[in-house]
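For reference, the structure is listed below as structure tokens.
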Amino acid sequence: MIRSQVMGVGSALPRRVLTNAELALMVDTSDEWIVQRTGIKQRHIASEDETTASLGEAAARAALAHAGLSPDDIDLIILATSTPNNTFPATSVEIQQRLGMRHGYAFDLQAVCSGFVYAVSVADLHIRGGMAKRVLVIGAETFSRILDWSDRTTCVLFGDGAGAIVLEAAETEGTTADRGILASALRSDGTHKDKLFVDGGPSTTGTVGHLRMEGREVFKHAVGMITDVVTATLSAGGVSVDDLDWFVPHQANLRIIDASAKKMGIAPSKVVATVSDHGNTSAASVPLALSVAVADGRIRKGDLVLIEAMGGGFTWGAVLLRW
Ligand code: ACO
């Protein structure tokens with residue numbers, strides 16, 4: 001059985017760090033409020049010369065180096081982002097050009113915070129369908145560019161960054177002991193589209209717009225939706241929650257992460273949380289967290305890892321993989 005195996009992981013963060021204390025000088029908020037409600041202590045913010053494409057390129061290069069591969073080895077680039085450099089062409093194509101690749105194909109995928117989980121499952125289908133042997137899956141965002149910096153209810157929550165993995169086709173036994181992606185589940189429900197959105201776009205206002213969110217409403221739905229899709233993915237993969245070595249959730253809010261893990265019976269010691277350092281980096285949050293946990297030696301080859309995300313749309317999903 002062909003499975004998509006992780007060959008490398010990498011990440012990139014903007015140089016500038018913005019602390020809660022600095023934010024408290026910009027809007028009516030405090031370090032105490034932000035930490036208590038979200039767990040966020042700081043986030044990275046892109047400078048003028050840093051873009052979704054440049055951060056995505058840096059994360060891609062780091063993942064390729066970690067895999068011991070070069071851009072020549074890649075057949076497909078999927079970039080998950082809601083903050084592309086331009087409306088078109090796709091930012092993934094710009095990353096392809098920056099990497100010096102003139103072969104293969106590249107496209108962007110937009111599922112807001114669930115983008116990376118969606119992109120991994122789509123990459124898996126391209127690999128198992130025989131379209132591509134090696135895929136670079138990137139999550140890169142510059143949410144700082146679509147934030148309303150006078151709105152304290154949203155501007156304290158988000159940050160910029162990028163993460164990437166390289167997936168490669170491998171022949172396996174077809175059991176849960178295989179390395180690679182074992183199961184995925186994706187969901188969306190557009191009836192919630194007005195709870196978390198950007199109030200601009202090419203076909204409506206002709207502007208880029210700003211992020212708007214009914215935070216309490218998102219929070220209300222998050223834990224139930226995450227639990228549902230994780231349970232479905234574990235069941236499709238033929239494993240139980242106790243088999244998991246690592247739970248790597250979307251990094252939006254520590255309270256959502258803790259509540260979801262608790263509801264599913266996942267021990268806190270198995271939860272990878274980086275939201276305190278990065279804030280919510282949308283599609284970049286899961287690969288950034290994976291990158292941190294691999295670099296510090298927590299996630300090792302052969303570990304059973306569950307990634308999940310939930311975000312605007314709403315969209316949500318999960319992928320079960322053996323690292
Ligand atoms: N500083 C200080 N006070 C604030 C701030 C702030 N930054 N923001 C809001 N407040 C105030 C509110 O005005 C409100 O005051 P009031 O009671 O006088 O009206 C009070 O704090 C409580 O506000 P709530 O919105 O009820 O606070 P809550 O505990 O729900 O926390 C938060 C807000 C952090 C946004 C939370 O609801 C949340 O995390 N929601 C989920 C967001 C999320 O996960 N998004 C994920 C998807 S992201 C994506 O897809 C792009």
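All values below were derived from every heavy atom in this structure, side-chain atoms included, with hydrogens, water molecules and symmetry-related copies excluded. Counting convention: from 1, in listed order, for ligands and their atoms alike. We're numbering straight along the sequence, starting at 1. The shown structure was predicted, so the numbers you read here are calculated from the model rather than taken from an experiment.
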Given that the side chain starts at C-beta and the backbone is N, CA, C, O, which of these parts of Leu196 lies under 4.0 Å from ligand 1, counting heavy atoms, or is it both or neither? side chain
Please work out whether any backbone atom (N, CA, C, O) or any side-chain heavy atom from C-beta onward of Cys113 is under 4.0 Å from ligand 1, and answer side chain, backbone, both or neither. both
Can you list the atoms of ligand 1 that are under 4.0 Å from a heavy atom of Ile256? 41 (C), 44 (O)
Carboxylate-amine/guanidinium contact Asp148 Arg212, below 4.0 Å: yes
Is the closest N or O pair between Ser282 and ligand 1 shorter than 3.5 Å? no
Within less than 4.0 angstrom of ligand 1, does Leu211 place any heavy atom? no
Test item: protein heavy atom less than 4.0 Å from atom 26 (O) of ligand 1: yes
Could you check atom 11 (C) of ligand 1 against the protein and tell me its nearest heavy-atom contact, residue, atom and distance included? Arg152 NH2, 3.7 Å
Does atom 38 (C) of ligand 1 have any protein heavy atom closer than 4.0 Å? yes
Starting from atom 31 (O) of ligand 1, find the nearest protein heavy-atom neighbour and note its residue, name and distance. Arg255 NH1, 3.9 Å
Starting from atom 36 (C) of ligand 1, locate the nearest protein heavy atom and write down its residue, its atom name and how far away it is, to 0.1 Å. Phe219 CD1, 3.7 Å
Can you check side chain to side chain donor-acceptor pair (under 3.5 Å) on Thr281 and Glu141, steps first, answer last? CA-CA 6 Å; Thr281 57; Glu141 303 277 17; over 6 Å; no
Atoms of ligand 1 close to Val112 [distance to a heavy atom under 4.0 angstrom, numbered from 1]: 49 (C), 50 (O), 51 (C)
At less than 4.0 angstrom from any non-hydrogen atom of Asn253, what atoms of ligand 1 do you find? 34 (C), 38 (C), 39 (O)
In terms of side-chain geometry, is the basic nitrogen of Lys262 or Asp258 positioned less than 4.0 Å from the acidic oxygen of its partner? no
Side chain or backbone of Asn280 under 4.0 Å from ligand 1, or both, or neither, by non-hydrogen atoms? side chain
So the atoms of ligand 1 within less than 4.0 Å of a heavy atom of Met213 turn out to be 42 (C), 45 (N)
Does ligand 1 come near enough to Thr38 that some N or O of the ligand is less than 3.5 Å from an N or O of the residue? no
Leu321, Ile127: one ILVMFWY side-chain cluster at the under-4.5 Å cut-off? yes
Shortest protein contact, atom 46 (C) of ligand 1 (heavy atom only): Ala252 CB, 3.7 Å
Salt-bridge contact Asp49-Arg15 (side-chain N to carboxylate O under 4.0 Å): yes
How far is atom 43 (C) of ligand 1 from its nearest protein heavy atom, and which residue and atom name does that atom have? Val218 CG1, 3.7 Å
Is there a polar contact between ligand 1 and Ser30, counting only N or O atoms under 3.5 Å apart? no
In terms of hydrophobic clusters joined by side-chain contacts under 4.5 Å, are Leu320 and Val135 together? no
Less than 4.5 Å apart, any side-chain heavy atom of Val156 and any of Ile40? no
For atom 40 (N) of ligand 1, what is the closest protein heavy atom, and at what distance to 0.1 Å? Gly215 O, 2.9 Å
Who's the nearest protein heavy-atom neighbour of atom 23 (O) of ligand 1, and how far? Arg216 NH2, 3.9 Å
Is there a path of hydrophobic side-chain contacts, each under 4.5 Å between heavy atoms of I/L/V/M/F/W/Y residues, joining Met131 to Val93? no
Given side chains that start at C-beta, do those of Arg3 and Arg179 come closer than 4.5 Å, heavy atoms only? no
Starting from atom 8 (N) of ligand 1, locate the nearest protein heavy atom and write down its residue, its atom name and how far away it is, to 0.1 Å. Trp33 CH2, 3.3 Å
Going by the atom numbers of ligand 1, which of them fall below 4.0 Å from some non-hydrogen atom of Thr153? 8 (N), 9 (C)
Between Glu22 and Thr19, do the side chains contain an N or O donor and an N or O acceptor separated by less than 3.5 Å? yes
Result for side-chain contact (heavy atoms from CB on, under 4.5 Å) between Pro84 and one of Thr51, Leu79, Asp108 points to Asp108
Gly312 N/O to ligand 1 N/O under 3.5 Å: yes
Donor + acceptor pair across side chains of Asp160, Thr142 (<3.5 Å): no
When only distance counts, is His250 in polar contact with ligand 1, meaning an N/O pair under 3.5 Å? no
Here the atoms of ligand 1 under 4.0 Å from any heavy atom belonging to Asp28 are 1 (N), 2 (C)
Is there a continuous path of hydrophobic side-chain contacts, each under 4.5 Å between heavy atoms, that joins Val229 to Leu304? yes
Parallel, tilted or perpendicular: which one describes the rings of Phe314 and His192, with boundaries at 30° and 60°? parallel
Take atom CD of Glu32 as the centre, draw a 6.0 Å sphere, and report whether it contains more than 12 heavy atoms from other residues, nucleotides or ligands. no
Atom indices of ligand 1 within 4.0 angstrom of Arg37 heavy atoms, with elements: 22 (C), 27 (O), 28 (P), 29 (O)
What do you reckon, is NZ of Lys41 surrounded by more than 12 foreign heavy atoms closer than 6.0 Å? no
Is there a path of hydrophobic side-chain contacts, each under 4.5 Å between heavy atoms, that joins Leu167 and Val122? yes
For atom 18 (O) of ligand 1, is there a protein heavy atom at a distance under 4.0 Å? no
Contact check: Val156 vs ligand 1, nitrogen or oxygen atoms, below 3.5 angstrom: no
Flag atom 14 (C) of ligand 1 as yes if some protein heavy-atom distance to it falls below 4.0 Å, otherwise no. no
